[in-house]
There are 4 protein chains.
Amino acid sequence: MSEIADPSLAPTGETKIAWAADRAPVMATMRDRLRTTGDVEGRRIAVVLPIEPKTALLARILAESGAEVSITSPPSMVHDDVAAALSAGGVEVLARRNMSTDDEQRYHGMLLDRRPEVIVDDRADLITLAHTSRTEALDDLIGATEQTTSGIEVLTRLDAEGTLRVPVIAGNDARCKHLFDNRYGSGQSVIAAVLDRTNLLMAGANVVVVGYGWVGRGVARVAAGMGARVTVTEVDPVAALEAHHDGFEVATVLDACGSAEFVITCSGVHGALSPEAIDRCPDGVVLANAAGIDDEFSVPDLAARASTQRRVRPEVDEYEMPDGRSVFVVGGGHCVNLSAGEGHPVEIMDLSFAVQGLAAAHLARHGGEMTPGLHALPTSIDDQIARDKLAALGISIDGRGRQRET
Amino acid sequence: MSEIADPSLAPTGETKIAWAADRAPVMATMRDRLRTTGDVEGRRIAVVLPIEPKTALLARILAESGAEVSITSPPSMVHDDVAAALSAGGVEVLARRNMSTDDEQRYHGMLLDRRPEVIVDDRADLITLAHTSRTEALDDLIGATEQTTSGIEVLTRLDAEGTLRVPVIAGNDARCKHLFDNRYGSGQSVIAAVLDRTNLLMAGANVVVVGYGWVGRGVARVAAGMGARVTVTEVDPVAALEAHHDGFEVATVLDACGSAEFVITCSGVHGALSPEAIDRCPDGVVLANAAGIDDEFSVPDLAARASTQRRVRPEVDEYEMPDGRSVFVVGGGHCVNLSAGEGHPVEIMDLSFAVQGLAAAHLARHGGEMTPGLHALPTSIDDQIARDKLAALGISIDGRGRQRET
Amino acid sequence: MSEIADPSLAPTGETKIAWAADRAPVMATMRDRLRTTGDVEGRRIAVVLPIEPKTALLARILAESGAEVSITSPPSMVHDDVAAALSAGGVEVLARRNMSTDDEQRYHGMLLDRRPEVIVDDRADLITLAHTSRTEALDDLIGATEQTTSGIEVLTRLDAEGTLRVPVIAGNDARCKHLFDNRYGSGQSVIAAVLDRTNLLMAGANVVVVGYGWVGRGVARVAAGMGARVTVTEVDPVAALEAHHDGFEVATVLDACGSAEFVITCSGVHGALSPEAIDRCPDGVVLANAAGIDDEFSVPDLAARASTQRRVRPEVDEYEMPDGRSVFVVGGGHCVNLSAGEGHPVEIMDLSFAVQGLAAAHLARHGGEMTPGLHALPTSIDDQIARDKLAALGISIDGRGRQRET
Amino acid sequence: MSEIADPSLAPTGETKIAWAADRAPVMATMRDRLRTTGDVEGRRIAVVLPIEPKTALLARILAESGAEVSITSPPSMVHDDVAAALSAGGVEVLARRNMSTDDEQRYHGMLLDRRPEVIVDDRADLITLAHTSRTEALDDLIGATEQTTSGIEVLTRLDAEGTLRVPVIAGNDARCKHLFDNRYGSGQSVIAAVLDRTNLLMAGANVVVVGYGWVGRGVARVAAGMGARVTVTEVDPVAALEAHHDGFEVATVLDACGSAEFVITCSGVHGALSPEAIDRCPDGVVLANAAGIDDEFSVPDLAARASTQRRVRPEVDEYEMPDGRSVFVVGGGHCVNLSAGEGHPVEIMDLSFAVQGLAAAHLARHGGEMTPGLHALPTSIDDQIARDKLAALGISIDGRGRQRET
């Protein structure tokens, strides 16, 4: 049974989900396929994902295809109205916007109590739990799929150690996921969330992008496309060199922060933006985190060191430091496009969640034949998603054979 | 005495104004200058502008410099909390978010009842009124300054006819206004408002930009910078040719609309996007108006022709047409960055309102010596604003003399 | 009778002119018009322009339309094969690649000896001569048209002084000229010439653009489009502020040169890049001049101060300075796209020379009715050129009336 | 003993090599390393690479580090002056600009006659020869490294078949090679070569890019950066979808060619641009090949079908088709930046040839311990090259450890 903030919010949530559904042709095709194949029919599926309209659509499609779906979310990333609509439609929802870390733990436990056969995970939290204090959950578990870069890092380590006892699909690493979601999705939605919340100007601004992975590339490109002067920081020398050739300034975090007006963390590394670096930033700097993990910079540390702290605009907090500088944080240091916005654009999540849904279906049908450990999404599924999207866009491309023959 | 929605909203409004004030160094310098020169000391100034944090700051600075300031706003563009804070600070505010057109007319009349010596106008509404049914207001009026492109069009016609009886400064045509506000300001804030309200994706989208003036150029550039494929429509052959060389598709409105996912009107021309053109748009098209006038496309006509109409998201209305297509309108067809967003970024309005404030001060001191008719802002004031902004940014440039001498 | 380097080069030159002619639809339309109207029939026209395939096409079309055409060129900008082909086709050509400054003066004199009725001028050289030491030339002169920004500066001064004794059309200021030629034409051809001659990389390079007029904007945009990090220097505070908002670094020339890998002068100001600034540049800096005047930086001064000087690649000279730094100059400090390349792209000059040709025809027919002094090209001619180009591109646009009616 | 066109050209070639050497800090560091380690001391190394200044520098550095170096080149890609200078400096050069295919075969044979211990190969030609008709060459061969994408395709097939009998390093796949050379290097130099040879305009042009691998991405980005409207064709659905989200039109080759002004093949696939597609192109289309293989489109087929053929400008041939359309080919259909230009920019080849040189050195020292088959360049070498380049640029980055610790 669901635990949500307010069931009466369902109509608003329903409208939001409908908006997404109308713009998600690839997931619509997936629904048709799943209903035809019956791959998830009767399967118990546990989902951990931010609860917003697009994730709701994924959960709902799985349910409509015959699966028993339970879902929870990382804290700070729940739209209560969407949760209400999803629950009303027959999905078990365990999440509230203002839930505590204790709630989060408890809901994770409850999800495993349902003895899921397939897990759709975020940051590998549930998979880790099932491999540590809740190993009995492994008895029924066929496999799992993981959505985030940071989750993949955890799973790669577990895989190298030989710890994984079920097949796990690196959903994030599917081309139809990370090339689009992390790059175009984060690129647009992170910048839009920061600008919407602050009403500040990107043209001419000094923007520091910490990390030049797919998220960082997307954020840097959109910022530059709006006229910002972007400085990139990287620890990988080749990626740093790419940033240089892409026309960006490249520097250490400490040097870059010296003239930063915005700092956007995109590295997936805890503490990538250190307190020392924040102290280098000029008065008025705006900080936001674009990554899948919460502590690229430490808001608790900032709060502890600040003389005063106050909310100056919705989702914007000012920390006045003892030296008189003000540091502004958008979205509480959580992934800003979700905590201070509505997440990735619909069309992007149409791809990402087709990856997750079809990965879950693949595990439901073929997981038993797969070896434990980390697996790539089969190329044929990845390609099919891209072909479905191209078809929805009305774009034709050449066949591989055609060119080779001529 | 003010007529506002709710005085108790003042603290929220105050926080918003403070946010803007901290990021408006050029207006801060202006305040210091006006206080020193006393140019507006004791002057009655009537202001018509959307009431949001940055306009509030202008009104407040004029008041703090000794002027008696009364302000109203076009409908749909009032932040009630900002209105409350402004009123609490001693400015007479006549505006509410939900005021009717009748209210608007009444407030315009009340502003002229105050017998202003200087008018800061928007769309030339108040100036026109003072030259038609309320000519007694001309007795005390020293001069006026106008903020918008569409207002300048009206005033140019009046000036050509010899109708204007006071000096009017074409504030919009100051380089520090239109080159920045119309281009970078609209460019960012229009696209951000549309994306924020719809959660849709710009990368890969077909975006039609109607009109390639400064607003259209800004909107086209930002959209392209986010990965959109932009088609421009123009009536001026040279501007059309520029758009072509800037890498955009150029077409008639009817042809462009045939594959549009977004249509953004930026032309300043009534009916630039005709019902016939809207009927060419594919199902699901999103319409928004970026211009200073309200009826670049006719929402009443759309509503009259639609089978059903409903609000699908905040500030997004769906019109289902008899042929089954849905047309979505963001921000009610009003200038979208104000009706569905917070207006131009702070830093941009710092320039625009320094233009208006210094134009008002120039009129207060020198208006009596100026001939009736349309005047440019003196170049020295325009340049000084740019120099103040460069100084605030910490940017040094060469002197004109230095280069010539070498 | 022509004075050229080598008449036997005509076939090569003819092929070059044919290449341009095939890609110049606007000039083709102009030829048809001039033949129909007879506007230049029997008129004596003197032309001063760099002699390359596109200028040759203009001269030839004027001749084919019945004019008696004599042409010379600024030094260093003559393609001897094109000169030969042009001469073979009945135009009097007075120019050789290696002509001296004395030759240049002599040819200017000879052009005036022909008693031209219309002058198509470059840098206002011939117009100035006709108003100073050769005033008898004014007896037959109906009017003149001027091609360059720097020429317009001279003419504006003469006009303000009341010195001009014939009508002069500011051809450069036609929208179809400066918006395209100075921006897109220079933008591409200057960068391409520098890269072709040096084989160096633009991606990641520090490029200093001196001057942010139309030429500077074009050069900055193309450089940035190839991945360069561009720093702009300006003396106009508003233009400097635009460059800042366009995403470029803005600094004084001295500061900008401190980290320059390329410095490209685009200001139209003598000595814009001073010896002191050149001395700030790092070892290996590459200098090029994109402007219509020759001495934005002084090559003679550089040569005088250098320890050694040598040609290291075609059109690239190394100056080794006493402090050990090497400074490289592309194209001898002359306008680099002409001195080290083939000039503006064909399609651009199709517009520019339609402006000059139609300005000349307008003067031939209506010059007698025009007042002495500087005139704009009639808007109707400017618009018609744009319409002819759009038609050649197959682009339709809306009529002005159509939008207003709806 | 060398076989070259003209030894007297050595001084010109020497100047060209010196220009490159001054801008190749990574290779300079490599030379210091190789001299210290002695890794190639006394080794026989056979090199197949286009002979231009940067390849010459690689060959020379290997020779200066003690290796016995013999070099030949694909046809059409030899700078005879550089060949002369290289030969004068002690490298055996077997190549002339106008050598025949027979010469090419003979020189390949002669290279193997030298019994090389290490091969630096282009398109896998020499490696293939040593594994087929000249297997005795394998007796002395320690290993090889391959420079091109198309060579890697051949080698991957041989590797999958188990045919390779020595270790081969996929030099092309090193990050410091393909991410820079194929993308930024081709991007700039291909567009610059086409524009330089044709004097045509990119702004507003319809450019078709066949293939969206690293070369295609680079070419598309630079063309768009200059104002072109780019259409991408792809056979990989995910890459096609990326191109769409990057803002490009995506279509089949046949559809794209229908409105093409330029078609640039970048796919690495024989016949990617079919005769049928060329027949779809409008009159006046310009074709160029940016890929490492020669026959992405068939020039012999075009010549066979054309009514007439003539050279209209240096490196530009016109083929007049029976239907009256003219098709222009730049650089003879060979890789255009080499056949009609000077190849990649110096700074890019500094990276690429550091990869090849250090791969060769790694094989010379460790090849005996490596298994036969295709190998990646060791990451430590790849990273070190990037670090050397960053150091030369004066760019500091954070250490991996530093961020994790905080």
Side-chain angles (χ1 to χ4, degrees), chain A residues 174-176 179-180 183-184 210-211 221 232-242 244-246 249-255 267 269-277 296-298 347-348 351 379 382-390 393 395-406, chain D residues 174-176 179-180 183-184 210-211 221 232-242 244-246 249-255 267 269-277 296-298 347-348 351 379 382-390 393 395-406:
Chain A
R175 295 172 75 203
C176 280
L179 290 179
F180 299 88
R183 179 166 39 164
Y184 309 110
V210 178
R221 180 184 159 156
V232 168
T233 81
E234 249 298 337
V235 297
D236 173 348
V238 180
L241 207 50
E242 284 183 272
H244 169 79
H245 285 86
D246 284 339
E249 199 78 28
V250 177
T252 61
V253 172
L254 288 182
D255 284 348
S267 74
V269 175
H270 298 290
L273 181 68
S274 65
E276 186 187 2
E296 296 227 2
F297 57 93
S298 172
E347 299 91 331
I348 288 295
L351 293 171
T379 301
D382 216 351
D383 280 359
Q384 190 55 54
I385 293 169
R387 291 189 191 283
D388 287 347
K389 177 69 176 170
L390 288 170
L393 289 165
I395 296 175
S396 298
I397 64 170
D398 295 307
R400 290 178 196 273
R402 204 202 62 74
Q403 289 203 346
R404 288 254 161 69
E405 283 161 19
T406 53
Chain D
R175 295 171 76 203
C176 280
L179 290 179
F180 299 87
R183 180 166 39 165
Y184 310 110
V210 178
R221 179 183 162 158
V232 167
T233 82
E234 247 299 337
V235 296
D236 173 348
V238 181
L241 207 50
E242 285 183 272
H244 170 78
H245 285 86
D246 284 339
E249 200 77 30
V250 177
T252 61
V253 172
L254 288 182
D255 284 348
S267 74
V269 175
H270 298 291
L273 181 69
S274 65
E276 188 187 1
E296 296 227 2
F297 58 92
S298 171
E347 300 91 332
I348 288 295
L351 293 170
T379 301
D382 217 351
D383 281 0
Q384 189 56 52
I385 292 169
R387 291 188 191 284
D388 287 348
K389 176 70 176 172
L390 289 170
L393 289 165
I395 295 174
S396 298
I397 64 171
D398 294 308
R400 291 179 195 272
R402 205 202 63 75
Q403 290 203 344
R404 288 254 160 69
E405 283 161 18
T406 53

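A note on names: the letters A, B, ... follow the listed sequences, proteins ahead of strands, and every chain is numbered from 1. Please read these numbers as outputs of a predicted model, since none were measured by experiment.
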When D/Leu351, D/Ile395, D/Asp246 are compared by non-hydrogen pairs under 4.5 Å with chain A, the top option: D/Asp246
Sequence-distant partners of A/His245, ring-ring contact (aromatic ring centres under 6.0 Å, His included), two or more places apart: D/Phe180, D/Tyr184
Residue D/Leu393 versus chain A: region with a heavy atom under 4.5 Å: side chain
Trace of the side chain to side chain contact (heavy atoms under 4.5 Å, CB included) decision for D/Arg183 with A/Glu242: CA-CA 10 Å; D/Arg183 180 166 39 165; A/Glu242 284 183 272; 2.6 Å; yes
Short side-chain to backbone donor-acceptor contact, D/Asp398 and A/Val253, under 3.5 Å: yes
Most chain D-contacting option - heavy-atom pairs closer than 4.5 Å, from A/Lys389, A/Glu347, A/Arg221: A/Arg221
Sole candidate of A/Val250, A/Asp255, A/Val235 that passes side chain to side chain contact (heavy atoms under 4.5 Å, CB included) when paired with D/Ile397: A/Val250
Region of D/Leu179 in contact with chain A, defined by heavy-atom distances below 4.5 Å: side chain
side-chain hydrogen bond (donor to acceptor under 3.5 Å, both in side chains) partners for D/Arg175, two or more places apart: A/Asp236
Minimum-distance pair of heavy atoms, taken over all atoms of A/Leu390 and D/Pro237: CD1-O, 3.7 Å
